[in-house]
Amino acid sequence: VYECACRAARANPCTPTQVCMMIGQPFTDFLLEHRPRDARRVTQAEALQLLRDEHARGHLHAAYFKDVMLNRMYAICNCCGCCCGGIEFMQQHGVPMIVSSGYVAEIDAGVCSGCGVCAETCPFDAIMVEDTGHIVYDRCLGCGVCEGQCAEGAITLQRDPAKGEPLDVRVLGAGE
């Protein structure tokens, strides 16, 4: 794990700041060699706890892939809507930095109290609240932040083939 560059670029960043994750070789060794002051190796249990903690804070998990990075996932960003440079570029400049998970949020109007927490925490402005919450389908990337923040349990993620094929991380690297 290492210091989040997005949070480091902000005057008053969300905390904690050491929440980004580099995964696998040669990436982890490169990071530890070149950023020894702000990077550390963690166990699988510590990594899973970091993911749970960031989800509880309402932060977004985004896996990053690049052709030049051995054509595989190499990082998981755990950022927030207020600090994330990728989300900022998407909203302000229309640059597609994050793609849909293959899911879409669905709100049960019979359970939703209309408190608005989901709309406040959605990093993509994909929820509007009048009496109850409503999903703005074209903006929803199925990230699950709203679901994790809904105290009433009124939000679920539903598979939506029109939103793409979900990533199955269990098969990543299976052929290596």
Side-chain angles (χ1 to χ4, degrees), residues 1 3-21 23 45-65 73 75-170 172:
V1 298
E3 293 292 321
C4 175
C6 295
R7 292 181 191 183
R10 306 295 176 176
N12 296 301
C14 293
T15 56
T17 58
Q18 197 176 59
V19 295
C20 289
M21 305 169 88
I23 299 166
E46 290 170 314
L48 291 171
Q49 187 60 51
L50 185 148
L51 291 169
R52 283 190 288 272
D53 292 346
E54 286 300 290
H55 182 72
R57 289 183 188 100
H59 296 167
L60 172 74
H61 311 300
Y64 282 87
F65 298 78
M73 180 178 74
I76 298 176
C77 172
N78 295 291
C79 214
C80 50
C82 55
C83 293
C84 182
I87 294 171
E88 181 178 23
F89 268 74
M90 285 181 70
Q91 291 176 335
Q92 293 181 6
H93 307 290
V95 177
M97 299 291 290
I98 300 170
V99 298
S100 176
S101 67
Y103 291 83
V104 68
E106 184 175 282
I107 299 174
D108 182 340
V111 177
C112 178
S113 69
C115 71
V117 170
C118 56
E120 292 171 14
T121 59
C122 177
F124 304 105
D125 297 323
I127 302 176
M128 294 184 355
V129 179
E130 290 169 12
D131 293 332
T132 61
H134 303 281
I135 302 299
V136 180
Y137 179 84
D138 290 344
R139 290 185 182 179
C140 182
L141 297 183
C143 68
V145 169
C146 60
E147 178 188 36
Q149 296 300 298
C150 180
E152 284 111 12
I155 303 174
T156 57
L157 293 179
Q158 300 298 319
R159 176 75 183 94
D160 185 344
K163 293 283 191 173
E165 187 66 30
L167 172 67
D168 185 350
V169 295
R170 296 170 297 183
L172 293 176

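Quantities reported herein were computed from a predicted structural model and do not represent experimental measurements.
A distance of 7.5 Å separates CG of Asp160 from OG of Ser100, quoted to the nearest 0.5 Å. One finds the CD1 atom of Ile107 at 5.0 Å from the CD1 atom of Ile127 (value rounded to the nearest 0.5 Å). Atom-to-atom distance recorded for Glu147:CD and Cys118:SG is 12.0 Å, nearest 0.5 angstrom. For the atom pair CD of Gln158 and NZ of Lys163, the computed distance is 13.5 Å after rounding to the nearest 0.5 Å. Atom CD1 in Ile135 sits 5.5 Å away from atom SG in Cys146 (nearest 0.5 Å). One distance of note links SG of Cys84 with CZ of Arg10; it measures 8.5 Å at 0.5 Å rounding.
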Candidate pair Arg52 and His55, rule side-chain contact (heavy atoms from CB on, under 4.5 Å), full reasoning: CA-CA 5 Å; Arg52 283 190 288 272; His55 182 72; 5.7 Å; no

field: Stepwise side-chain contact (heavy atoms from CB on, under 4.5 Å) check, His59 with Val19
entry: CA-CA 10 Å; His59 296 167; Val19 295; over 6 Å; no

field: side-chain hydrogen bond (donor to acceptor under 3.5 Å, both in side chains) assessment of Gln149 paired with Thr121
entry: CA-CA 8 Å; Gln149 296 300 298; Thr121 59; 5.3 Å; no

- request: Could you walk me through whether Glu106 and Arg159 pass the salt bridge (charged side-chain N to carboxylate O under 4.0 Å, His left out) test, one step at a time?
  value: CA-CA 10 Å; Glu106 184 175 282; Arg159 176 75 183 94; over 6 Å; no

query: Under the side-chain contact (heavy atoms from CB on, under 4.5 Å) criterion, do Asp125 and Val136 qualify, and how do the steps go?
result: CA-CA 8 Å; Asp125 297 323; Val136 180; over 6 Å; no

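Asn78 and Met21 get closest at one heavy-atom pair: ND2-SD, 3.7 Å. Of all heavy-atom pairs spanning Val104 and Cys140, the tightest one is CG2-SG, 3.6 Å. Shown here for Pro13 and Cys83, the closest heavy-atom pair between the two residues is CA-SG, 4.0 Å. When all heavy atoms of Leu60 and Cys143 are compared, the pair lying nearest together is CD1-CB, 3.1 Å. Heavy atoms only, all atoms of each residue included: Cys82 and Cys14 are closest at SG-SG, 3.2 Å. Pairing each heavy atom of Pro123 with each of Ile87, the nearest pair is O-CG2, 3.4 Å.
Judged by distance alone, with hydrogens and angles left aside, the side-chain atoms of Ser101 form a donor-acceptor pair with the main-chain N or O of Leu141 at under 3.5 Å. Not a single donor-acceptor pair under 3.5 Å links the side chain of Arg7 to the backbone N or O of Gln18.
Side-chain contact, Glu3 with Thr17: a donor N or O sits under 3.5 Å from an acceptor N or O.
In this structure, Phe89 places its CZ atom where only 12 or fewer heavy-atom neighbours from other residues, nucleotides or ligands lie under 6.0 Å away. More than 12 heavy-atom neighbours from other residues, nucleotides or ligands sit within 6.0 angstrom of CE on Met90.
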